[in-house]
Colleague: 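I am attaching a structure below and will ask some questions about it afterwards.
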Amino acid sequence: MNRIYLIIFIITLFACKHDAKKSAENISETVEDSLIYPEETHFKSIRQVTFGGDNAEAYWSFDDKQIVFQSNNKKWGVNCDQMFLMNANQTVNDSIAPPMVSTGKGRTTCSYFMPDNKHVIYASTHLGNENCPDTPLRKNGKYIWPVYNTFDIFVADLEGNIVNQLTNEIGYDAEPTISPKGDKIVFTSTRSGDLELYTMNLDGSDVRQITDELGYDGGAFFSPDGTKIIFRSSRPKTEQEIKDYKKLLSEGLVEPTDMELYICNADGSDLRQLTDLGNANWSPFFHPSGNKILFSSNFEAERGFPFNLYLIDIDGKNLERVTHSETFDAFPVFSNDGKYLAFSSNRNNGGGRDTNLFIAEWQD
């Protein structure tokens, strides 16, 4: 989703002021283990797979052979986020663009592989306008995300040809992800008047609303067995919070700086709050065991940064810090075999503002 805007905001506001950068050639010569901070004991090895631009939300094919991700790398000929494809064992730099699987029109977000490994889903605004929409980042001194009402969800083949449109409602339909069981899609929509979670079949049929409390419910993922869903939510409670939330939403905006994680069954039952940490807790993903959640948070940060990755049990116990960056680590996604973790980070960017993709060999 518009999650990548958080990267842009964080690195614009807090990144080093100088523009010194290592060349992609020099960066690629970095010894892999030097990318791991000493405290990061869950990483057996790590490699950087992109070099330049803002790259995020890297999702594995069901056979773990390929990755689809979003990037706004202008050297690849795009002006805002589009979807790109790469082999899981590949490395790409900012001079040679990998294959683009979106149209190159509008703004896209949240691509995910279909179970056949031959198609992807993603959300795009291109039917509303082929140009990149404006990206407001602040309103009245507060950080905000735009919620474009022209987002719809599409299916494309790996050559970028759209073969199906899954949503056609007025308003925001985006943030789709697919169950590891290969039978259901979960996504966020404003079709009820609020930002709620819905599920549907892979062909767009049997749409069911699974959340109904006021607040932004989004960034949802299924558990490995497909029985549970983890997501982030802002839940305004006071009269002023509710008023502010509704006003921003009426303008197509949300304020994502106060979010907690929630978990429920795949049909929306047994909904409960998982974290109560404060600040922004988001981009959750199930550990391969299904018993833990890996997520990004700045709850330990006094000034809004850094963001690091944390593990927590699905009963809310045993919180553990996983990464020890001084800037930004987010969007953790385990491979389907559980051996590797893809995530986005500002590490090793030469003091610049690039956010790149990394793949770590995971060990418990």
Colleague: Do D116 and H119 meet the criterion of a side-chain donor-acceptor pair at a distance under 3.5 Å?
Modeller: yes

Colleague: Check whether any side-chain heavy atom of L158 sits under 4.5 Å from a side-chain heavy atom of V120, and report yes or no.
Modeller: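 They are in contact (side-chain heavy atoms under 4.5 Å apart), so the answer is yes.
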
Colleague: Does a donor on one side chain sit under 3.5 Å from an acceptor on the other, for E361 and Y340?
Modeller: no

Colleague: Any side-chain heavy atom of W282 sitting closer than 4.5 Å to one from F307?
Modeller: yes

Colleague: Would you say N201 and K184 are linked by a side-chain donor-acceptor pair, where the criterion is simply a distance under 3.5 Å?
Modeller: yes

Colleague: Kindly confirm or rule out a cation-pi arrangement of R191 over Y198, judged by NZ or CZ under 6.0 Å from the six-membered ring centre and within 45° of its axis?
Modeller: yes

Colleague: Hey, is E175 close enough to R232 for a salt bridge, meaning N to O under 4.0 Å?
Modeller: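 Salt bridge present between E175 and R232.
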
Colleague: If you define the side chain from C-beta out and look only at heavy atoms, does anything of I185 sit under 4.5 Å from L166?
Modeller: yes

Colleague: Is W362 reachable from V49 through a run of hydrophobic residues whose side-chain heavy atoms are each under 4.5 Å from the next?
Modeller: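 Yes, because V49 and W362 connect within a single hydrophobic cluster, where side-chain heavy atoms sit under 4.5 Å apart.
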
Colleague: Contact between E57 and T109 at the side-chain level, heavy atoms closer than 4.5 Å - yes or no?
Modeller: yes

Colleague: Has the side chain of N281 got a donor or acceptor atom that lies under 3.5 Å from a matching backbone atom of G278?
Modeller: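 Checking the backbone N and O of G278 against the side chain of N281, a donor-acceptor pair under 3.5 Å is found.
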
Colleague: Give a yes or no on whether a salt bridge exists between E251 and K247, defined as a side-chain N under 4.0 angstrom from a carboxylate O.
Modeller: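 The answer is yes: the pair qualifies as a salt bridge.
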
Colleague: Quick check for you: to the nearest 0.5 Å, what is the distance between L357 atom CG and T91 atom OG1?
Modeller: 10.5 Å

Colleague: Can you check side-chain contact (heavy atoms from CB on, under 4.5 Å) on I162 and Q165, steps first, answer last?
Modeller: CA-CA 8 Å; I162 291 178; Q165 181 176 344; 5.6 Å; no

Colleague: Side chains of Q48 and N348: any donor to acceptor distance under 3.5 Å?
Modeller: yes

Colleague: Please round to the nearest 0.5 Å and tell me the distance separating atom CD of Q66 and atom NZ of K118.
Modeller: 11.5 Å

Colleague: How about T188 and Y172: do any of their side-chain heavy atoms sit closer than 4.5 Å?
Modeller: yes

Colleague: Is it the case that atom CD in E302 sees more than 12 heavy atoms from other parts of the structure closer than 6.0 Å?
Modeller: no

Colleague: Hey, is the main chain of G52 close enough, under 3.5 Å, to the side chain of N55 for a donor-acceptor pair?
Modeller: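 Yes.
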
Colleague: Go through the side-chain N and O atoms of T150 and R107 and say whether any donor and acceptor fall under 3.5 Å apart.
Modeller: no

Colleague: Got I263 and R272 here, is their nearest side-chain heavy-atom distance under 4.5 Å?
Modeller: yes

Colleague: Below 30° counts as parallel, above 60° as perpendicular, anything between as tilted: where do the rings of F334 and F285 land?
Modeller: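 It falls in the tilted class, 30° to 60°.
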
Colleague: Name all residues meeting the salt bridge (Lys or Arg N to Asp or Glu O under 4.0 Å) criterion together with E300; count only those two or more places apart in sequence or in a different chain, and write none if there are none.
Modeller: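 Once residues adjacent in sequence are excluded, the partners of E300 under the salt bridge (Lys or Arg N to Asp or Glu O under 4.0 Å) criterion are R321.
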
Colleague: Between K246 and D194, does any NZ, NE, NH1 or NH2 come within less than 4.0 Å of an OD or OE carboxylate oxygen?
Modeller: no

Colleague: Kindly compute the distance separating CE (M200) from OG (S205), expressed to the nearest 0.5 Å.
Modeller: 9.5 Å

Colleague: Are the side chain of S111 and the backbone of I121 linked by a donor-acceptor contact shorter than 3.5 Å?
Modeller: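 Checking the backbone N and O of I121 against the side chain of S111, a donor-acceptor pair under 3.5 Å is found.
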
Colleague: In Å and rounded to the nearest 0.5 Å, what is the OH to CD1 distance from Y112 to I153?
Modeller: 13.5 Å

Colleague: Hey, are the side chains of V147 and L253 touching, using non-hydrogen atoms and a 4.5 Å cut-off?
Modeller: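 With C-beta onward as the side chain, the pair stays apart.
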
Colleague: May I ask you to check whether T275 and E260 show a side-chain donor-acceptor distance below 3.5 Å?
Modeller: yes

Colleague: Should Y262 and L271 be marked as a side-chain contact (heavy atoms from CB on, under 4.5 Å) after you check the CA-CA gap, both sets of side-chain angles, and the distance that decides it?
Modeller: CA-CA 7 Å; Y262 288 73; L271 174 67; 4.1 Å; yes

Colleague: So for atom CD, which belongs to Q90, do other residues, nucleotides or ligands contribute more than 12 heavy atoms lying within a distance under 6.0 Å?
Modeller: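 Above 12, so yes.
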
Colleague: Under 3.5 Å, is there a donor on one side chain and an acceptor on the other for N308 and T323?
Modeller: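 Side-chain D/A pair, N308 to T323: present.
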
Colleague: Check whether any side-chain heavy atom of F343 lies under 4.5 Å from a side-chain heavy atom of S296, and answer yes or no.
Modeller: no

Colleague: State, without any angle test, whether D217 and T211 hold a side-chain donor-acceptor pair at a distance under 3.5 Å.
Modeller: yes

Colleague: Can you pull the salt bridge (Lys or Arg N to Asp or Glu O under 4.0 Å) pairs that have at least one residue in residues 304-318, sequence neighbours excluded?
Modeller: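 Only K292-D313 qualify under salt bridge (Lys or Arg N to Asp or Glu O under 4.0 Å).
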
Colleague: May I ask you to check whether over 12 heavy atoms, not counting those of E39, lie within 6.0 Å of atom CD?
Modeller: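 For E39, atom CD is crowded (more than 12 foreign heavy atoms under 6.0 Å).
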
Colleague: When you check the side-chain N and O atoms of D63 and S61, is any donor under 3.5 Å from an acceptor?
Modeller: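 Indeed, the side chains of D63 and S61 share at least one donor-acceptor pair under 3.5 Å.
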
Colleague: Just checking, is any N or O donor in the side chain of N265 or D270 under 3.5 Å from an acceptor N or O on the other one?
Modeller: no

Colleague: What distance separates F221 CZ from I178 CD1, expressed to the nearest 0.5 Å?
Modeller: 11.5 Å

Colleague: Look up atom CG in L35 and atom CD1 in I359, then write down how far apart they are to the nearest 0.5 Å.
Modeller: 12.5 Å

Colleague: Going by distance alone, is a donor N or O of one side chain under 3.5 Å from an acceptor N or O of the other, for D329 and H324?
Modeller: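 On atom types as modelled, these side chains do not qualify, holding no pair under 3.5 Å.
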
Colleague: Under the side-chain contact (heavy atoms from CB on, under 4.5 Å) rule, what do N346 and R353 come out as? Steps first, then yes or no, please.
Modeller: CA-CA 7 Å; N346 293 152; R353 298 180 177 181; over 6 Å; no

Colleague: Between R347 and F328, is NZ or CZ placed under 6.0 angstrom from the six-membered ring centre and within 45° of the ring axis?
Modeller: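 Here R347 fails the 6.0 Å and 45° test against F328.
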
Colleague: Side chains of T167 and D152: any donor to acceptor distance under 3.5 Å?
Modeller: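 There is such a pair (donor and acceptor under 3.5 Å, judged by atom type) between the side chains of D152 and T167.
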
